[in-house]
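A, B, ... follow the sequence lines: proteins, then strands. Residue 1 opens every chain. This one's a predicted model, so the numbers in the text were calculated from it and none came from an experiment.
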2 protein chains.
Amino acid sequence: MAYEPPRIAVTTDIVLFTIREGVLQVLLLRRAIPPFINVWALPGGFVELHEALEDNARRKLHEETGLDNIYLEQLYTFGALGRDPRERVVSVAYVALTPADDLHPEAETRAGTVAWHRVDPLPALAFDHAEIIAMARQRLVAKLDYSTIAFQFLPPQFTLSDVQDIYEIIQGQPMDKRNFRKWVLALDDLEETGDYRTGHHRPAMLYRLKNPDLVRITK
Amino acid sequence: MAYEPPRIAVTTDIVLFTIREGVLQVLLLRRAIPPFINVWALPGGFVELHEALEDNARRKLHEETGLDNIYLEQLYTFGALGRDPRERVVSVAYVALTPADDLHPEAETRAGTVAWHRVDPLPALAFDHAEIIAMARQRLVAKLDYSTIAFQFLPPQFTLSDVQDIYEIIQGQPMDKRNFRKWVLALDDLEETGDYRTGHHRPAMLYRLKNPDLVRITK
DNA sequence: TCAAAAGTGTTCACTGTACACCCATGT
DNA sequence: ACATGGGTGTACAGTGAACACTTTTGA
């Protein structure tokens with residue numbers, strides 16, 4: 001007699017971060033359907049039988065934001081009993097990062113209203129999504145220290161001050177300008193474009209990433 | 001019309017490491033049933049509908065080894081198509097650590113023969129278990145550098161040389177004795193028992209962990 | 001007495017941190 | 001001319017790495 005394993009609904013949840021309005025923000029969806037109707041939730045959805053986990057995360061993100069080819073890494077798998085009131089659901093959570101300007105969601109999608117929210121404070125969230133975002137944030141902060149993950153927030157061209165802003169916003173504390181520049185240039189991941197950003201003050205050298213899609217462990 | 005999500009078989013796979021015979025070893029099971037009959041595989045099994053993921057991992061480990069209350073952390077979730085020939089299976093992998101002497105498996109369990117194997121080289125493995133072990137090893141090596149995870153390999157009492165042996169085995173390179181001792185004592189996680197291990201040579205001070213179950217991030 | 005593991009400090013190089021002023025532009 | 005952000009170098013402290021000999025025991 002063959003053993004029949006239980007089958008469980010599997011979802012992905014994507015914590016998509018960006019830097020906007022000088023703070024760290026996360027993409028949320030106001031749910032148009034029960035459960036948790038009208039409550040904010042992470043983008044994501046049920047994994048199809050013939051769909052890889054990360055493919056599902058990328059597909060859902062694309063459907064809900066139009067974004068494609070962005071940085072995405074698996075975070076953790078949440079499988080507590082009762083985390084979904086309907087039935088047992090195991091959710092594989094991902095962290096994604098994108099430059100601010102790549103998305104101005106005010107759209108009403110099939111799934112509901114999509115919008116950026118500051119992570120501090122967060123609105124009330126569906127399921128265990130507050131916990132998921134908290135862990136994603138921890139991961140992001142930790143990775144600043146030993147990887148080049150923060151560069152995934154950068155647009156194609158940027159100034160060194162833009163880079164420093166990102167670090168200061170995520171870590172919540174100011175950094176010394178000279179030390180920061182010395183350090184970031186020593187990573188050898190940036191190169192000058194030769195152009196300058198002209199604004200109201202002294203023009204700033206524009207840089208680009210040597211390998212825009214590469215996230216490197218730095219120690 | 002309500003959407004019916006697909007249901008997927010979910011398993012856990014546990015990579016249980018120990019230090020034995022001067023090398024890093026992993027617990028494997030020789031499968032008694034198809035698929036991959038007679039091939040070595042990781043312990044683990046299907047998650048029940050009313051069972052939390054980590055509970056399943058601990059239960060399976062207990063059933064197959066008798067071990068209880070050991071260090072266990074989630075590693076990664078593997079969900080590639082075709083990783084199980086029978087049907088779509090998503091597997092949540094865990095890393096577990098135990099002192100060598102806590103387990104002498106030569107037992108025939110219901111699921112098959114259980115045995116320790118060196119990780120270098122590994123035998124042929126079922127499913128994508130070679131990949132899982134490789135990632136687990138990477139995680140272990142990485143965590144040596146910024147956490148006290150290695151102490152989970154230690155028996156209740158141990159000498160400083162025992163501790164150094166563990167680090168040298170996992171990292172595959174010798175360390176300076178004076179520097180190692182200075183460093184490990186500065187962590188302030190060890191305390192002298194007052195007893196000595198007497199053997200063939202000069203007796204060595206025995207230490208114990210101040211918090212045996214605590215794995216701390218050290219930087 | 002010999003073999004083998006236990007135990008113990010100092011020096012040096014490097015890395016990370018603190019710190020202040022001039023420059024280029026727009027208004 | 002002034003307000004604003006852009007850009008630059010040096011000095012010091014703390015951390016990590018190299019390095020050799022004495023002690024204690026059992027055989």
Please report the C-alpha distance between B/Ile70 and B/Leu97 in whole Å, then the side-chain angles of each, then the deciding distance to 0.1 Å, and finally whether the side chain to side chain contact (heavy atoms under 4.5 Å, CB included) criterion is met. CA-CA 7 Å; B/Ile70 66 170; B/Leu97 271 53; over 6 Å; no

Apply side chain to side chain contact (heavy atoms under 4.5 Å, CB included) to residues B/Met135 and B/Ile132 and explain how you reach the verdict. CA-CA 5 Å; B/Met135 191 182 290; B/Ile132 297 177; 6.0 Å; no

Would A/Thr148 and A/Asn211 count as a side chain to side chain contact (heavy atoms under 4.5 Å, CB included) if you check the C-alpha gap in whole Å, the side-chain angles of each, and the deciding distance to 0.1 Å? CA-CA 11 Å; A/Thr148 58; A/Asn211 298 292; over 6 Å; no

Decide side chain to side chain contact (heavy atoms under 4.5 Å, CB included) for B/Asp213 and B/Asn69; before the verdict, give the C-alpha distance in whole Å, the side-chain angles of both, and the deciding distance to 0.1 Å. CA-CA 9 Å; B/Asp213 299 327; B/Asn69 272 101; over 6 Å; no

Show the atom names and distances, to 0.1 Å, of all donor-acceptor pairs under 3.5 Å that link a side chain in residues 185-197 of chain A to residues at least two apart or in another chain.
{"from": "A/Asp188", "atom 1": "OD1", "to": "A/Lys210", "atom 2": "NZ", "distance (Å)": "2.8"}
{"from": "A/Asp189", "atom 1": "OD1", "to": "A/Arg216", "atom 2": "NE", "distance (Å)": "3.2"}
{"from": "A/Asp189", "atom 1": "OD2", "to": "A/Arg216", "atom 2": "NE", "distance (Å)": "3.2"}
{"from": "A/Asp189", "atom 1": "OD2", "to": "A/Arg216", "atom 2": "NH2", "distance (Å)": "2.9"}
{"from": "A/Glu191", "atom 1": "OE2", "to": "A/Arg208", "atom 2": "NH1", "distance (Å)": "3.0"}
{"from": "A/Thr193", "atom 1": "OG1", "to": "A/Asp195", "atom 2": "N", "distance (Å)": "3.0"}
{"from": "A/Thr193", "atom 1": "OG1", "to": "A/Leu206", "atom 2": "O", "distance (Å)": "3.0"}
{"from": "A/Arg197", "atom 1": "NH1", "to": "A/Asp162", "atom 2": "OD1", "distance (Å)": "3.3"}
{"from": "A/Arg197", "atom 1": "NH1", "to": "A/Asp162", "atom 2": "OD2", "distance (Å)": "3.1"}
{"from": "A/Arg197", "atom 1": "NH2", "to": "A/Asp162", "atom 2": "OD2", "distance (Å)": "2.9"}

Can I get a per-line list of side-chain donor-acceptor pairs under 3.5 Å for residues 163-174 of chain A, giving both atom names and the distance, sequence neighbours left out?
{"from": "A/Gln164", "atom 1": "NE2", "to": "A/Glu168", "atom 2": "OE2", "distance (Å)": "2.9"}
{"from": "A/Gln164", "atom 1": "NE2", "to": "A/Met175", "atom 2": "O", "distance (Å)": "2.9"}
{"from": "A/Glu168", "atom 1": "OE2", "to": "A/Met175", "atom 2": "N", "distance (Å)": "2.8"}

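Taking the side chain to side chain donor-acceptor pair (under 3.5 Å) definition, one finds that A/Asp68 meets it with A/His62, sequence neighbours left out. B/Phe158 is linked by a ring-ring contact (aromatic ring centres under 6.0 Å, His included) to nothing, counting only residues two or more places apart in sequence or in another chain. Residues passing the side chain to side chain donor-acceptor pair (under 3.5 Å) test with A/Asp120, sequence neighbours excluded: A/Arg137. Annotation: ring-ring contact (aromatic ring centres under 6.0 Å, His included) contacts of A/Phe78 (sequence neighbours excluded): A/Tyr76. Residues satisfying the side chain to side chain donor-acceptor pair (under 3.5 Å) criterion with B/Thr11, sequence neighbours excluded, are B/Ser91.
For DNA chain D, the outermost nucleotides in 5' to 3' order that have an atom under 4.0 Å from a heavy atom of chain B are D/dA17 to D/dA27.
Within the 4.0 Å cut-off from OP1 or OP2 of C/dA6, at least one side-chain nitrogen or oxygen of B/Ser161 is found.
Distance CG (A/Asp176) to P (C/dC21): 15 Å, rounded to an integer number of Å.
Contact check of residues 190-197 of chain B against DNA chain C (heavy atom, cut-off under 4.0 Å) returns no residues at all. For the segment residues 177-189 of chain A, the set of residues with a heavy atom within less than 4.0 Å of an atom of DNA chain C comprises A/Arg178, A/Asn179, A/Lys182, in numerical order.
Closest heavy-atom contact between A/Gln25 and A/Trp116: OE1-CB, 3.1 Å.
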Short heteroatom pairs, N/O only, protein and nucleotides 23-27 of chain C, under 3.5 Å:
{"from": "C/dC23", "atom 1": "O4'", "to": "A/Arg202", "atom 2": "NH1", "distance (Å)": "3.4"}
{"from": "C/dC23", "atom 1": "O2", "to": "A/Arg202", "atom 2": "NH1", "distance (Å)": "3.1"}
{"from": "C/dG26", "atom 1": "O4'", "to": "A/His200", "atom 2": "O", "distance (Å)": "2.6"}

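Among pairs with a residue in residues 200-219 of chain B, none fulfils ring-ring contact (aromatic ring centres under 6.0 Å, His included), at least two apart in sequence or across chains.
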